[in-house]
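These figures come from a predicted structure and were not determined experimentally. Atoms within each ligand, like the ligands themselves, are counted from 1 in listed order.
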Amino acid sequence: MKNFTYYRPLTAEQAVALLDDKWGTAELLAGGTDLLDLQKEYIAQPDKIVSLRDVRSLSGIRATPQNLTIAAGTTLAEIAAHRDVRRLFPALAAAAGDIGGPQIRNMGTLGGNLCQRNRCWYFRDEHTPCLLKGGDKCFAIDGENRYHAIFTQGHKCVIVNPSTLAPVLIALGAQADVFGPKGSRKISLAEFFHAPSSASEREHVLAPNEMVMAVTVPAAGAKNASYEVRHKQSYDWPLVQAAVAFQYDNQRAKNVRIVLGHVAPVPHVAAVAAKVLEGKEVTEATASAAGEAATEGAMPLSQNAYKVKLVAVAVKRALLTAAGHKKYWEV
Ligand SMILES: Cc1cc2nc3c(=O)[nH]c(=O)nc-3n(C[C@H](O)[C@H](O)[C@H](O)COP(=O)(O)OP(=O)(O)OC[C@H]3O[C@@H](n4cnc5c(N)ncnc54)[C@H](O)[C@@H]3O)c2cc1C
């Protein structure tokens with residue numbers, strides 16, 4: 001690991017003042033479950049590390065009748081266990097509770113989860129000069145790409161966004177409170193993520209000297225669920241995830257949102273699939289139809305066509321779970 005100077009600011013103002021206006025030279029440190037790995041692998045080599053552990057305003061979950069605000073420093077374990085999160089947003093509680101294992105969930109934070117770097121093995125290999133490290137080639141496009149994107153159109157780099165909280169928060173209509181040198185701004189989670197293709201970009205739209213302060217989720221009474229297809233039940237990322245949210249009036253689904261994770265460089269909003277379900281009762285047949293529709297536009301790579309089928313299954317199961325159907329796939 002390259003030597004660095006370690007800072008422990010007490011306020012968000014002090015923290016952002018320590019950041020630089022370009023990526024790479026200074027990094028915020030929350031739980032460290034991603035950043036320290038990146039440093040040890042020489043993928044991140046910052047001169048300054050700005051720890052957020054003493055910034056008081058970054059902790060806690062606040063509920064009002066209208067919404068729930070989760071501070072960026074809240075751990076994944078706290079989110080998964082929180083009474084109001086479990087009651088209002090089972091999708092979020094389930095997604096947070098399925099991440100990694102207890103060690104990761106007790107250290108990892110909401111802000112770090114949204115801003116973690118992708119898991120592409122070419123990106124994570126110190127010796128491979130991929131696009132995101134200043135090279136001129138995405139090695140996954142013609143290489144080992146079984147865990148990469150299947151919605152690849154228009155993308156020079158075929159990573160998948162690694163956050164399993166992201167699809168859920170987008171489906172729930174959440175927004176991030178962001179703080180930087182110019183003050184505060186709000187970003188809808190639907191617009192928070194970005195498909196990077198060079199070393200000067202990240203997987204999100206934050207400026208290098210901005211930070212996430214909190215995420216606010218509207219308590220709109222939507223039924224919601226997240227279903228992940230995993231190779232292993234712990235210590236790994238899902239192969240495919242479907243997060244769904246909808247109002248259910250008189251057994252009719254309204255304002256349907258279906259968001260897919262781990263299939264594209266940014267969480268993939270499956271608008272066509274949502275339309276298929278809009279105004280209908282959630283049954284096995286309609287959930288299946290929405291699942292099939294969610295695969296529309298998939299352009300898999302040489303080794304990951306299997307994910308297309310997983311998308312259809314994940315969407316169907318997420319919809320049935322949210323509507324309260326008995327989970328026939330759990331014996
Ligand atoms: C074995 C394993 C399995 C995992 N499985 C999953 C999974 O299934 N799903 C999933 O979503 N994740 C998974 N993860 C990733 C894990 O969720 C993240 O490592 C964790 O959430 C990062 O949080 P952190 O607080 O430790 O971030 P850090 O490592 O401290 O930071 C990560 C990045 O976020 C930036 N950052 C941190 N806080 C802020 C902030 N407030 N504002 C702006 N930038 C910030 C940092 O500068 C850094 O670039 C897994 C990790 C491991 C090791």
Asker: Only heavy atoms of Pro162, strictly under 4.0 Å: list the atoms of ligand 1 that pass.
Answerer: 9 (N), 10 (C), 11 (O)
Asker: Could you tell me whether some N/O pair between Gly31 and ligand 1 is separated by less than 3.5 angstrom?
Answerer: yes
Asker: Can you tell me if Tyr42 uses its side chain to pair, donor with acceptor, with the backbone of Met1 under 3.5 Å?
Answerer: yes
Asker: My understanding is that only residues two or more places apart in sequence, or in another chain, count here; which of them pass side chain to side chain contact (heavy atoms under 4.5 Å, CB included) with Lys327?
Answerer: Thr321, Trp329, Glu330
Asker: I want to confirm something. Looking only at heavy atoms, which of Ala166, Cys115, Ala30 is nearest to atom 35 (C) of ligand 1?
Answerer: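 Comparing heavy atoms across Ala166, Cys115, Ala30, the nearest one to atom 35 (C) of ligand 1 lies in Cys115.
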Asker: Considering only heavy atoms, which of Gly101, Ser51, Gly32, Gly112 lies nearest to atom 32 (C) of ligand 1?
Answerer: Gly112
Asker: Test of understanding: with salt bridge (Lys or Arg N to Asp or Glu O under 4.0 Å), list the residues that count as partners of Glu41, not counting sequence neighbours.
Answerer: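 Salt bridge (Lys or Arg N to Asp or Glu O under 4.0 Å) check on Glu41 returns nothing, list empty.
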Asker: Can you say whether the rings of Phe192 and His204 are parallel (under 30°), tilted (30 to 60°) or perpendicular (over 60°)?
Answerer: tilted
Asker: Numbering the atoms of ligand 1 from 1, which are under 4.0 Å from a heavy atom of Ser163?
Answerer: 11 (O)
Asker: Establish, from distance only, whether the side-chain atoms of Glu203 and His194 form a donor-acceptor pair under 3.5 Å.
Answerer: no
Asker: Which bit of Thr33 is near ligand 1, meaning a heavy atom under 4.0 Å away: side chain, backbone, both or neither?
Answerer: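 The answer is both.
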Asker: Answer yes or no: does an N/O atom from Asp34 fall short of 3.5 Å to an N/O atom of ligand 1?
Answerer: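 Yes: some nitrogen or oxygen of Asp34 is under 3.5 Å from one in ligand 1.
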Asker: Considering only heavy atoms, which of Leu165, Val50, Asn113, Leu114 lies nearest to atom 17 (O) of ligand 1?
Answerer: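 It is Asn113 whose heavy atom sits nearest to atom 17 (O) of ligand 1.
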